[in-house]
Engineer: 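Dropping a structure here in C-alpha cells format, bear with me for questions.
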Amino acid sequence: MITSKEANGLLLKSIPKITTSENGIEDAMVAFATYTRQSAQDCDISRIKKCMSVAHELYANGDDELKTLIERVYIPALKQAINRNCAEARLLQIYIPVGLYQLYVMQGFSRD
C-alpha cells in the first residue's frame, strides 16, 4: 500500500518534471494535475499515458488519505479540461483509466 507520504516521492520519481514542495502531497497532487492537463494541451500522448498510469497506480494501491486526495484534488482539477470540446479533452477522455473515469462520473462532472 502506498501512503500519502510515499506518494510524493513516487510522483517525483515517475514524473521528474513536476515540482513538489514541502507543503505536502496535496500541493504535489495539484502540480500533477496541472502537468497532466499541460500534457494534453501539448498533445503528448506518451506523457498523458504516463500520467494516467501513475494516477491509476496511486489510486489502486494508495491508502485512504491518498485515494481521498485523488478524488478531491486530482479528478476535479481535470474537470475543466475534460469537459471542453477540443483535442485536449478528447485525449484525456481516451486515456483516463476506467476506474478514474468512474470517479469522475460519480462526482457528477460528466453532466456539466
Side-chain angles (χ1 to χ4, degrees):
M1 181 173 298
I2 302 168
T3 66
S4 56
K5 292 178 183 180
E6 294 168 332
N8 213 4
L10 180 66
L11 281 171
L12 284 174
K13 181 181 174 188
S14 300
I15 305 172
K17 291 192 178 201
I18 68 166
T19 56
T20 59
S21 69
E22 58 232 23
N23 293 336
I25 187 61
E26 189 167 340
D27 285 348
M29 201 60 63
V30 170
F32 180 41
T34 300
Y35 181 81
T36 303
R37 288 193 318 262
Q38 185 61 52
S39 298
Q41 287 174 346
D42 295 343
C43 295
D44 190 326
I45 293 172
S46 64
R47 279 184 11 209
I48 295 167
K49 286 180 176 180
K50 179 69 172 179
C51 289
M52 293 302 173
S53 174
V54 170
H56 176 72
E57 180 182 352
L58 292 175
Y59 192 77
N61 300 312
D63 64 9
D64 289 340
E65 181 181 0
L66 187 54
K67 287 181 180 184
T68 298
L69 280 170
I70 291 170
E71 292 169 1
R72 294 190 179 163
V73 177
Y74 185 76
I75 297 295
L78 297 181
K79 173 189 175 204
Q80 184 178 11
I82 290 176
N83 281 345
R84 294 175 50 207
N85 188 18
C86 62
E88 170 190 358
R90 297 290 176 248
L91 288 171
L92 290 172
Q93 290 169 1
I94 289 168
Y95 293 107
I96 191 168
V98 172
L100 296 179
Y101 187 74
Q102 287 173 337
L103 286 173
Y104 173 83
V105 170
M106 286 177 15
Q107 292 178 11
F109 293 139
S110 65
R111 293 185 295 264
D112 288 354

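Computed from heavy atoms alone, side chains included, the values below leave out hydrogens, waters and symmetry copies. This chain uses plain numbering: 1 for the first residue, then up along the sequence.
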Engineer: Excluding sequence neighbours, so at least two apart, what forms salt bridge (charged side-chain N to carboxylate O under 4.0 Å, His left out) with R47?
Structural biologist: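 Expected list: D42, D44.
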Engineer: Which heavy atom in I75 sits nearest to a heavy atom in Y104, and how many Å separate them?
Structural biologist: CG2-CA, 3.8 Å
Engineer: Shortest non-hydrogen contact from L11 to A28?
Structural biologist: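 What the structure gives for the nearest pair is CD1-CB, 4.0 Å.
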Engineer: Of the non-hydrogen atoms in A81 and L92, which two are nearest, and what is the gap between them?
Structural biologist: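 Heavy-atom minimum between the residues: CB-CD1, 3.6 Å.
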Engineer: Rounded to the nearest 0.5 Å, what separates atom OG1 in T36 from atom CG in L78?
Structural biologist: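 If I round to the nearest 0.5 Å, the distance is 6.0 Å.
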Engineer: Let me check something: any side-chain donor-acceptor pairs from residues 49-61 under 3.5 Å, sequence neighbours excluded? List them with distances.
Structural biologist:
from: Y59; atom 1: OH; to: E71; atom 2: OE2; distance (Å): 2.6
from: N61; atom 1: ND2; to: E57; atom 2: O; distance (Å): 3.4

Engineer: What's the separation between atom CD in E26 and atom CG in N8, rounded to the nearest 0.5 Å?
Structural biologist: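 CG of N8 is found 12.0 Å from CD of E26.
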Engineer: Using distance only, find each side-chain donor-acceptor pair of residues 63-70 under 3.5 Å and give its atom names and separation, not counting sequence neighbours.
Structural biologist:
from: D63; atom 1: OD1; to: E65; atom 2: N; distance (Å): 3.3
from: D63; atom 1: OD1; to: L66; atom 2: N; distance (Å): 2.8
from: D63; atom 1: OD2; to: S4; atom 2: N; distance (Å): 3.2
from: E65; atom 1: OE1; to: S4; atom 2: OG; distance (Å): 2.9
from: T68; atom 1: OG1; to: D64; atom 2: O; distance (Å): 2.9

Engineer: Of all heavy-atom pairs between C43 and L91, which one has the smallest distance, and what is that distance?
Structural biologist: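 Shortest heavy-atom contact: CA-CD1, 3.7 Å.
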Engineer: Which residue pairs satisfy the salt bridge (Lys or Arg N to Asp or Glu O under 4.0 Å) criterion with at least one member in residues 4-15, sequence neighbours excluded?
Structural biologist: none
Engineer: Closest approach of I48 and A40, non-hydrogen atoms and distance?
Structural biologist: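 Heavy-atom minimum between the residues: CD1-CA, 3.6 Å.
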Engineer: Who passes ring-ring contact (aromatic ring centres under 6.0 Å, His included) against Y74, sequence neighbours left out?
Structural biologist: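 Checked Y74 against ring-ring contact (aromatic ring centres under 6.0 Å, His included); matches are F32.
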Engineer: Can you name the side-chain hydrogen bond (donor to acceptor under 3.5 Å, both in side chains) partners of R90, sequence neighbours left out?
Structural biologist: N85, Q93
Engineer: Is there a side-chain contact between Q38 and Q41 in this structure, where contact means two heavy atoms from C-beta onward sitting under 4.5 Å apart?
Structural biologist: yes
Engineer: A side-chain contact here means heavy atoms from C-beta on lying under 4.5 Å apart; do Y35 and I15 qualify?
Structural biologist: yes
